[in-house]
J.: 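My questions all concern the structure below.
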There are 2 protein chains.
Amino acid sequence: MKQKISDKIIGRLTLYHSILEDYAQKDIDIISSPQIAFLLNIDDSQVRKDLNCLKNTGKSRVGYLVKDLTRSIEKTLGISKTKNAVIIGAGNLGKALAKYDNFESYGLHVEALFDNDKKKIGSKIEGKNIYNISDLKERVSSDNIEIAILTVPWVSAQEVANIIAQTDIKYIWNFTPKVLKPIEGIHILNENLMGNLLQFTHKVMD
Amino acid sequence: MKQKISDKIIGRLTLYHSILEDYAQKDIDIISSPQIAFLLNIDDSQVRKDLNCLKNTGKSRVGYLVKDLTRSIEKTLGISKTKNAVIIGAGNLGKALAKYDNFESYGLHVEALFDNDKKKIGSKIEGKNIYNISDLKERVSSDNIEIAILTVPWVSAQEVANIIAQTDIKYIWNFTPKVLKPIEGIHILNENLMGNLLQFTHKVMD
DNA sequence: TAGATTGTTAATCGATTAACAATC
DNA sequence: TAGATTGTTAATCGATTAACAATC
């Protein structure tokens, strides 16, 4: 808890977790660092080093217990304490994320969606209400919402971010390609899709 | 072209590009490295170092010309030569990505979508046809499709990846939370959404 | 035992930050 | 000029990889 775990390691831990779920589903009890490393195309000593950040320990000559390791990762990632979020923008991307059941299993609860389209307001997605964006502030203050998932068209992104800034929300997960202006007291994560793709194609194509 | 530009730099260049488009839209001709650095919360000397990878050059005491810099970044990112892609899985996420107009402007052309749902097959999204997944191989070979954007439910992810492996497609951009088994001759990019969010919340919450 | 794997240290590598002369 | 900014080098920092003794 005290020890600092770097971004990179956190990112890999979620991938390990996904692999472990696969193993569990196939009723495999044991996994080794070279096996994980192979699936992710990384170094096996890195896997072991990452896993040493957890207090979990493997067995020489054998490997790690899938069950125990899964639990350790979940504890370290803080999946236990659920964070509440709302999705702002009930277009296809917003709907897709509302249905993304992986969020729940990683401790992210999507409470509701918000939009400005009269046709959408009042309907439901995946059992979650779609509210009017103008009601954001009052609705968010009653529940304990920490995160706004921003999936509006990029032309509206900054404007909506400013609205979010007036609520108690402290984190914006920005799926629009617009770089938002820094806002006092709000942390912004840009989900830079094109950047990720270009990193990939640039590395690999010639 | 010869010089190697790292992943990290490529990712930041797309963010710079997005900022430059903003400036251009507001008819601002000049931008400085501290301005960019402020928006992204990074070091200004890093911005200058990144920009030095381009052959573009700024002006002391003034900054960089927005127009010229935009063009330089576009050239470096290889946006000029369009890559063709198909989206596999015409659910909400697939539809959202089909509509994501940023793809085109960064040189990624989505040719069509594929699904196994009879109700969807034959219809169109954003002017793009939705075809039967069983026709993937033949359709892909006629066009010059390099990339498959994988947006199927995670339970089908590996199965569909194996189908893709039988085509001429060389790159899979995996939006499912399933870690795919390495496939000979195919490059896989895992869009690790939960990892990204957890990196963020872990860094920032306590 | 023999051999595969962990845990861990040391070596390498690369990315970020600091600093500052040169510029206009 | 004075002051802000670039371009670039050096210093720092952190992440990855290599290596190997300890283990069962």
Side-chain angles (χ1 to χ4, degrees), chain A residues 3-16 19-20 23 28-70 72-73 76 192 195-196 198-199 202-203, chain B residues 3-16 19-20 23 28-70 72-73 76 192 195-196 198-199 202-203:
Chain A
Q3 65 172 327
K4 195 76 193 161
I5 298 183
S6 79
D7 285 7
K8 294 275 178 79
I9 296 177
I10 297 286
R12 284 194 298 266
L13 286 177
T14 63
L15 295 172
Y16 302 164
I19 290 169
L20 288 167
Y23 269 63
I28 304 174
D29 293 334
I30 304 275
I31 193 168
S32 72
S33 58
Q35 285 173 331
I36 295 175
F38 171 72
L39 286 172
L40 295 172
N41 198 28
I42 60 178
D43 202 276
D44 59 299
S45 66
Q46 181 160 83
V47 174
R48 289 195 296 280
K49 212 168 197 182
D50 290 347
L51 295 185
N52 277 357
C53 295
L54 326 177
K55 67 178 199 318
N56 190 279
T57 161
K59 286 181 189 166
S60 287
R61 208 189 88 97
V62 178
Y64 301 86
L65 289 174
V66 171
K67 252 186 187 166
D68 293 357
L69 198 50
T70 303
S72 293
I73 291 178
T76 302
N192 183 14
N196 292 352
L198 288 170
Q199 280 172 32
H202 196 269
K203 186 185 343 196
Chain B
Q3 65 172 326
K4 194 75 193 163
I5 299 183
S6 79
D7 284 7
K8 294 275 179 78
I9 297 176
I10 297 286
R12 284 195 298 267
L13 287 176
T14 64
L15 294 172
Y16 302 163
I19 291 169
L20 289 167
Y23 269 62
I28 305 174
D29 292 334
I30 303 275
I31 193 167
S32 72
S33 57
Q35 286 173 331
I36 295 175
F38 171 73
L39 285 171
L40 294 173
N41 198 28
I42 59 178
D43 202 276
D44 59 298
S45 65
Q46 180 161 82
V47 174
R48 289 196 296 281
K49 212 168 198 184
D50 290 347
L51 295 184
N52 276 357
C53 296
L54 325 176
K55 66 180 201 317
N56 190 279
T57 162
K59 285 181 189 166
S60 286
R61 208 187 88 97
V62 178
Y64 302 86
L65 289 174
V66 171
K67 250 187 188 167
D68 292 359
L69 198 48
T70 302
S72 292
I73 291 178
T76 302
N192 183 15
N196 293 351
L198 289 171
Q199 279 172 35
H202 196 271
K203 187 187 339 197

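Below, chains carry the letters A, B, ... as their sequence lines are ordered, and counting in each starts from 1.
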J.: Tell me which of B:Tyr64 and A:Asp7 sits closer to the 5' end of DNA chain D, going by the nucleotide each one is nearest to.
T.: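 That would be B:Tyr64.
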J.: In this structure, how many angstroms lie between the P atom of D:dA4 and the CD1 atom of B:Ile31, rounded?
T.: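 Interatomic distance, CD1 of B:Ile31 to P of D:dA4: 19 Å.
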J.: Given pairs defined as Watson-Crick or G-U wobble with both distances under 3.5 Å, what dot-bracket annotation applies to DNA chain D, with ( ) intrastrand, [ ] crossing, | other strand and . unpaired?
T.: ..||||||||||||||||||||||
J.: Donor-acceptor pair, distance only, cut-off 3.5 Å: does the side chain of A:Gln46 make one with the backbone of A:Asp43?
T.: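 Between the backbone of A:Asp43 and the side chain of A:Gln46 there is no qualifying donor-acceptor contact (under 3.5 Å).
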J.: Quick one: A:Leu54 CG to C:dT6 C1', roughly how many Å, whole number?
T.: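 In whole Å, C:dT6 C1' lies 14 Å from A:Leu54 CG.
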J.: Could you pull out all residues at least two apart from A:Asn196 that satisfy side chain to side chain donor-acceptor pair (under 3.5 Å)?
T.: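 If we apply the side chain to side chain donor-acceptor pair (under 3.5 Å) test to A:Asn196, skipping adjacent residues, the hits are B:Glu191.
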J.: Taking salt bridge (Lys or Arg N to Asp or Glu O under 4.0 Å) as the test, write out the residues that go with B:Asp44, two or more places apart.
T.: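 If we apply the salt bridge (Lys or Arg N to Asp or Glu O under 4.0 Å) test to B:Asp44, skipping adjacent residues, the hits are B:Arg48.
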J.: For residues 9-16 of chain A, please give each side-chain donor-acceptor pair under 3.5 Å, one per line with the distance, not counting sequence neighbours.
T.:
unit_1	atom_1	unit_2	atom_2	d
A:Arg12	NE	A:Asp50	OD2	2.6
A:Arg12	NH2	A:Asp50	OD1	3.1
A:Arg12	NH2	A:Asp50	OD2	3.3
A:Thr14	OG1	A:Gly11	O	2.7
A:Thr14	OG1	B:Asn192	OD1	3.4
A:Thr14	OG1	B:Asn192	ND2	2.9
A:Tyr16	OH	A:Asp50	OD2	2.6

J.: CD of A:Gln35 versus P of C:dA4: gap in Å, rounded?
T.: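 Distance check: A:Gln35 CD to C:dA4 P gives 13 Å.
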J.: For the pair made of CD1 in A:Ile36 and P in C:dT6, what is the distance, rounded to whole Å?
T.: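 Interatomic distance, CD1 of A:Ile36 to P of C:dT6: 8 Å.
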J.: Name all residues meeting the side chain to side chain donor-acceptor pair (under 3.5 Å) criterion together with B:Thr70; count only those two or more places apart in sequence or in a different chain, and write none if there are none.
T.: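 Residues passing side chain to side chain donor-acceptor pair (under 3.5 Å) with B:Thr70: none at all.
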J.: Not counting sequence neighbours, which residues clear side chain to side chain contact (heavy atoms under 4.5 Å, CB included) with A:Ser60? List them please.
T.: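 Testing A:Ser60 for side chain to side chain contact (heavy atoms under 4.5 Å, CB included), a comparison that skips the adjacent residues, returns none.
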J.: When you check the phosphate oxygens OP1 and OP2 of D:dT8, does a side-chain N or O of B:Asn52 lie under 4.0 Å from one of them?
T.: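 Checking D:dT8 against B:Asn52, a side-chain N or O does come within under 4.0 Å of OP1 or OP2.
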J.: Quick one: list whatever passes salt bridge (Lys or Arg N to Asp or Glu O under 4.0 Å) with A:Asp7, sequence neighbours left out.
T.: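 Salt bridge (Lys or Arg N to Asp or Glu O under 4.0 Å) list for A:Asp7, sorted by chain: B:Lys203.
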J.: Examine D:dG7: is either OP1 or OP2 under 4.0 Å from a nitrogen or oxygen in the side chain of B:Thr57? Give yes or no.
T.: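 Affirmative; the distance criterion is met.
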J.: According to salt bridge (Lys or Arg N to Asp or Glu O under 4.0 Å), who are the partners of B:Asp68, at least two apart in sequence or on a separate chain?
T.: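 Applying salt bridge (Lys or Arg N to Asp or Glu O under 4.0 Å) to B:Asp68 gives B:Arg71.
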J.: What integer distance in Å separates B:Ile5:CD1 from C:dG14:P?
T.: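 From B:Ile5 CD1 to C:dG14 P: 15 Å.
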J.: To the nearest Å, how far apart are B:Leu13 CG and C:dA15 C1'?
T.: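 After rounding, the gap between these two atoms is 15 Å.
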J.: Show your working on side chain to side chain contact (heavy atoms under 4.5 Å, CB included) between A:Leu40 and A:Ile19 and close with a plain yes or no.
T.: CA-CA 9 Å; A:Leu40 295 172; A:Ile19 290 169; 3.8 Å; yes
J.: Across nucleotides 16-24 of chain C, 5' to 3', mark each nucleotide with B, S or - according to how protein heavy atoms within less than 4.0 Å reach it.
T.: BBBB---BB
